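Here the structure is laid out as structure tokens; the discussion comes afterwards.
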Amino acid sequence: MIAAVEHIGSTAIAGIRRVQLHGYRQSSPEITRHAAFRNDLRASPDATAAYDAFKQRCRQRLPEGSHAYSDCQSQRIQHRETMAMAALE
């Protein structure tokens, strides 16, 4: 059984991750949260550029692995998710 959210895999082409796949239980509230975050970034090129730059700084500062990288960006993601979810109301 799949957890509430599970990272299923990712695909890198020429060293750049192009696809990242997550799976969700049917009707999971995580679907709405994840889609709201994605749609918010898609709607704002400036926010997307700022997010990409921040992720790059996290990668450069914390090359030791994905857990440290995730910790670095989690607060920023939560803030953006909160804004994106509020926009749905």
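Numbering of residues begins at 1 and proceeds along the displayed sequence. The figures that follow rest on heavy atoms only: side chains count, while hydrogens, waters and symmetry mates do not. It should be emphasised that the depicted structure is a prediction, and the values quoted were computed from it without experimental measurement.
- Minimum heavy-atom separation, A84 to A36: CB-O, 3.4 Å.
- Under the salt bridge (charged side-chain N to carboxylate O under 4.0 Å, His left out) criterion, the residue pairs touching residues 77-89 are R33-E81, D40-R80, with sequence neighbours excluded.
- Residue pairs meeting the disulfide (SG to SG under 2.5 Å) criterion with at least one member in residues 22-71, sequence neighbours excluded, are C58-C72.
- At a cut-off of 3.5 Å, with distance as the only test, a side-chain donor of R59 or Q56 sits close to an acceptor on the other residue.
- Other residues sharing a hydrophobic cluster with L88 under the 4.5 Å side-chain heavy-atom criterion for ILVMFWY residues are M85.
- Annotation for R76 and F54: closest pair NH1-CD1, 3.0 Å, computed over non-hydrogen atoms.
- For Q75, there are no side chain to side chain donor-acceptor pair (under 3.5 Å) partners, not counting sequence neighbours.
- Note on residues 27-49: pairs passing ring-ring contact (aromatic ring centres under 6.0 Å, His included), not counting sequence neighbours, are H22-H34, Y24-H34, F37-Y51.
- For R38, there are no side chain to side chain donor-acceptor pair (under 3.5 Å) partners, not counting sequence neighbours.
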